[in-house]
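Please read the structure below before turning to the comments.
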Amino acid sequence: MDPTCEESPAEDSNNEEEDLDSTKAAPRIRDTPEDIVLEAPASGLAFHPTRDLLAAGDVDGDVFVFAYSCQEGETKELWSSGHHLKSCRAVVFSEDGQKLVTVSKDKAIHILDVEQGQLERRISKAHSAPINSVLLVDENALVTGDDTGGIRLWDQRKEGPLMDMRQHEEYIADMALDPAKKLLLTASGDGCLGVFNIKRRRFELLSEPQSGDLTSVALMKYGKKVACGSSEGTIYLFNWNGFGATSDRFALRAESIDCIVPVTENLLCTGSTDGIIRAVNILPNRVVGTVGQHAGEPVEALALSHCGHFLASSGHDQRLKFWDMTQLRTVVVDDYRRRKKKGGPLRALSSKAWSTDDFFAGLREDEEDAKAPEEVVRESDDDDDNSD
């Protein structure tokens with residue numbers, strides 16, 4: 001019984017029965033919020049900057065905002081919007097959390113009120129091609145990237161783009177900003193990392209093309225390193241101000257890396273087509289373990305909650321799942337360096353995660369391959385190593 005609800009000896013039997021009934025009805029507190037089941041896979045995912053809200057945009061063009069809770073039965077849909085005519089590719093909350101910006105294959109940008117889900121502004125035909133990514137610069141400015149490599153900078157208070165550039169030859173998969181909000185980094189299907197100065201509204205450079213599409217980009221190591229995921233299952237590292245060529249690279253035992261999200265300055269999580277969410281340390285390059293999985297289904301998007309306690313993932317199984325980050329944050333380099341030398345399958349880093357042995361049991365014909373450790377193709381302990 002809850003100590004705050006203790007009964008005195010003088011209480012009658014009726015009160016005791018009522019208290020017993022209330023104890024039985026007490027909701028269960030989970031380690032993570034319950035899964036959210038959608039009618040279609042979500043390709044866009046974002047947490048609110050201060051509140052326990054999760055936004056998702058699905059391939060049918062619908063946008064949802066959910067209130068999530070670890071109290072069982074309390075994760076609920078707040079509202080949904082069906083204003084997009086085609087697949088919603090990406091969603092992002094404004095800095096103050098009052099607006100939700102969504103972009104779509106229908107070439108439109110929508111700005112919605114978070115409280116009611118009302119459409120406040122629609123920019124139709126914002127691009128000449130389907131829009132694939134969006135990034136908020138500040139309370140007024142945002143950047144969008146499309147399927148043909150076009151990038152546009154917008155001020156929500158004005159009509160028309162402030163900047164319109166097309167340096168990439170393929171789709172813009174992901175974008176990131178430096179802390180000063182001066183340089184925009186773009187990961188593209190042409191295998192290049194792009195650098196744009198959005199303050200001066202000019203193009204800076206493209207990196208050498210890498211093998212496969214660059215699918216994701218994130219700043220790591222307090223801005224000293226830039227990590228890019230690729231369709232070949234390799235993470236490419238660039239030194240800051242050394243964007244022309246990679247400083248390091250290493251491959252995961254994954255078919256691809258479709259999305260990445262930084263968890264700390266050293267750790268990031270990757271989502272892949274094999275359904276596994278891996279935790280990866282950057283320099284030294286190590287796959288730490290598995291955070292979670294969408295069994296047999298590709299992971300489409302990842303997002304980290306405002307408190308840093310939960311990772312959300314969306315998969316082709318039409319589920320939004322939550323993963324506890326507590327154990328991952330306790331991992332230090334020495335721990336998994338020793339484990340790495342022993343070999344063996346990847347360890348589970350959350351209560352709901354499977355080890356790689358569990359995950360691949362019955363899915364792989366080659367049992368030895370299923371039990372092999374993650375292989376690091378190449379690694380560097382030196383942050384300034386520029387070797388390829």
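All values reported here derive from a predicted model rather than from experimental measurement. Heavy atoms only: backbone and side chains are in, while hydrogens, waters and symmetry mates are out.
- Between the side chains of Trp154 and Thr144, a donor-acceptor pair is found at a separation under 3.5 Å.
- Checking side-chain atoms of Ser247 against main-chain N and O of Leu237 turns up a donor-acceptor pair under 3.5 Å.
- Under a hydrophobic-cluster definition in which Ile, Leu, Val, Met, Phe, Trp and Tyr are linked whenever side-chain heavy atoms come within less than 4.5 Å, directly or via other members, Ile123 and Val103 are assigned to the same cluster.
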Take His309 and Thr326, measure what side chain to side chain donor-acceptor pair (under 3.5 Å) needs, and give me the verdict at the end. CA-CA 6 Å; His309 293 165; Thr326 305; over 6 Å; no
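- Remark: the backbone N or O of Gly242 is not paired with any side-chain donor or acceptor of Asn239 at under 3.5 angstrom.
- Between Arg319 and Glu39 there is no salt bridge, since no side-chain nitrogen of the basic residue lies less than 4.0 Å from a carboxylate oxygen of the acidic one.
- A side-chain donor-acceptor contact under 3.5 Å links Ser104 to the backbone of Asp106.
- Both Val287 and Leu283 belong to a single network of hydrophobic side chains, linked directly or stepwise wherever heavy atoms of I, L, V, M, F, W or Y lie under 4.5 Å apart.
- A salt bridge does not link Lys225 with Asp248: every distance from a Lys NZ or Arg NE/NH1/NH2 to an Asp or Glu carboxylate oxygen is 4.0 Å or more.
- Residues Ala40 and Val59 approach most closely at CB-CG2, 3.8 Å, considering heavy atoms.
- Scanning both residues, Leu177 and Leu219, for their nearest heavy atoms gives O-CD2, 3.8 Å.
- In the hydrophobic clustering of ILVMFWY residues, with side-chain heavy atoms under 4.5 Å counting as a link, Ile257 and Ile282 come out together.
- Hydrophobic clustering places Val91 together with Val65 (ILVMFWY residues linked when any side-chain heavy atoms are closer than 4.5 Å, directly or through intermediates).
- Between Asp146 and Ala129, the shortest heavy-atom distance links the atoms CB-O, 3.9 Å.
- Two residues are said to be in side-chain contact when any heavy atoms from C-beta on lie closer than 4.5 Å; His127 and Lys125 fail this criterion.
- Ion pair Lys221/Glu265 not flagged as a salt bridge, since none of the NZ, NE, NH1 or NH2 atoms sits closer than 4.0 Å to an Asp/Glu carboxylate oxygen.
- The shortest distance between side-chain heavy atoms of Thr234 and Leu252 does not fall below 4.5 Å.
- The closest donor-acceptor contact from the side chain of Thr290 to the backbone of Arg278 lies at 3.5 Å or more, if one exists at all.
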Could you go through Asp52 and His306, starting from their C-alpha distance and side-chain angles, then the distance that decides it, and tell me whether this counts as side chain to side chain donor-acceptor pair (under 3.5 Å)? CA-CA 8 Å; Asp52 292 344; His306 63 89; 2.9 Å; yes
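- Although no hydrogens or angles enter the test, the distance criterion places a donor-acceptor pair under 3.5 Å between the side chain of Thr75 and the main chain of Ser69.
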Would Phe47 and Phe66 count as a ring-ring contact (aromatic ring centres under 6.0 Å, His included) if you check the C-alpha gap in whole Å, the side-chain angles of each, and the deciding distance to 0.1 Å? CA-CA 10 Å; Phe47 278 101; Phe66 299 93; over 10 Å; no
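- Side chain of Ser188 to backbone of Cys192: no donor-acceptor contact under 3.5 angstrom is found.
- Using a 4.5 Å heavy-atom threshold, the side chains of Leu78 and Leu53 count as touching.
- The residues Asp147 and Arg89 are annotated as salt-bridged, a charged nitrogen and a carboxylate oxygen being separated by less than 4.0 angstrom.
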Would you sort out whether Thr264 and Asn266 count as a side chain to side chain donor-acceptor pair (under 3.5 Å), showing the intermediate values? CA-CA 5 Å; Thr264 69; Asn266 301 317; 5.0 Å; no
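- The closest side-chain heavy-atom distance from Leu206 to Phe203 is below 4.5 Å.
- Linking Ile, Leu, Val, Met, Phe, Trp and Tyr whenever their side-chain heavy atoms come within less than 4.5 Å puts Val291 and Leu302 in one cluster.
- Without hydrogens or angle criteria, His316 side chain to Pro298 main chain gives no donor-acceptor distance under 3.5 Å.
- Judged by distance alone, with hydrogens and angles left aside, the side-chain atoms of Glu34 form a donor-acceptor pair with the main-chain N or O of Gly73 at under 3.5 Å.
- In this structure the side chain of Leu136 never reaches within 4.5 angstrom of the side chain of Glu95, judged on heavy atoms.
- In this structure a side-chain-to-backbone donor-acceptor pair under 3.5 Å is present from Asp58 to Asp62.
- Summarising the geometry, atom CG belonging to Leu45 is positioned 7.5 Å from atom OG belonging to Ser313; distances are rounded to the nearest 0.5 Å.
- Screening Asp174, Ile235, Leu268 for a side-chain contact (heavy atoms from CB on, under 4.5 Å) with Ser216, the sole residue that qualifies is Asp174.
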Step-by-step side chain to side chain contact (heavy atoms under 4.5 Å, CB included) determination, Gln210 to Arg249: CA-CA 10 Å; Gln210 311 305 319; Arg249 68 191 73 187; 4.0 Å; yes
Run the side chain to side chain donor-acceptor pair (under 3.5 Å) check on Glu300 and Ser43 step by step: do they pass? CA-CA 6 Å; Glu300 188 71 25; Ser43 50; 5.2 Å; no
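- By the 30° and 60° cut-offs, the orientation of the rings of Phe322 relative to Phe310 is perpendicular.
- Residues Ala90 and Asn132 approach most closely at CB-O, 4.2 Å, considering heavy atoms.
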Met175/Leu184 under side chain to side chain contact (heavy atoms under 4.5 Å, CB included): CA gap, chis, key distance, verdict: CA-CA 7 Å; Met175 299 183 289; Leu184 173 73; 4.0 Å; yes
Walk me through whether Phe243 and Phe238 qualify under ring-ring contact (aromatic ring centres under 6.0 Å, His included). CA-CA 6 Å; Phe243 301 119; Phe238 296 84; 7.0 Å; no
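- A salt bridge between Lys181 and Glu139 is absent, with no side-chain N of the basic residue lying under 4.0 Å from a carboxylate O of the acidic one.
- Closest approach of Ser314 to Ala42, counting heavy atoms only: OG-O, 2.8 Å.
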Could you give me the CA-CA distance, side-chain angles and deciding distance for Leu54 and Leu320, then say whether side chain to side chain contact (heavy atoms under 4.5 Å, CB included) is met? CA-CA 10 Å; Leu54 178 69; Leu320 307 182; 4.1 Å; yes
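- Counting heavy atoms from C-beta outward, Leu183 and Phe196 have side chains that stay 4.5 Å or more apart.
- Of the options Arg166, His168, Glu170, a side-chain contact (heavy atoms from CB on, under 4.5 Å) to Thr148 is made by Arg166 and by none of the others.
- A distance of 11.0 Å separates CG in Leu142 from OG in Ser94, rounded to the nearest 0.5 Å.
- The pair Arg51-Glu115 meets the salt-bridge criterion, since a charged nitrogen lies less than 4.0 angstrom from a carboxylate oxygen.
- Under the 4.5 Å side-chain criterion, counting only non-hydrogen atoms from C-beta, Glu77 is not in contact with Ile36.
- Contact between Asn281 and Val288 at its shortest, heavy atoms only, is N-CG2, 4.0 Å.
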Test side chain to side chain contact (heavy atoms under 4.5 Å, CB included) on Ser305 and Tyr68 and set out the steps. CA-CA 11 Å; Ser305 66; Tyr68 62 89; 3.8 Å; yes
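- Considering CD of Glu120 and CD of Gln98, their distance stands at 9.0 Å, rounded to 0.5 Å.
- Panel note: side chain Arg122, backbone Ser124; no donor-acceptor pair is recorded below 3.5 Å.
- Around the NZ atom of Lys321, the shell of radius 6.0 Å holds more than 12 heavy atoms that belong to other residues, nucleotides or ligands.
- For the pair Thr215 and Ile260, the minimum side-chain heavy-atom distance is 4.5 Å or more.
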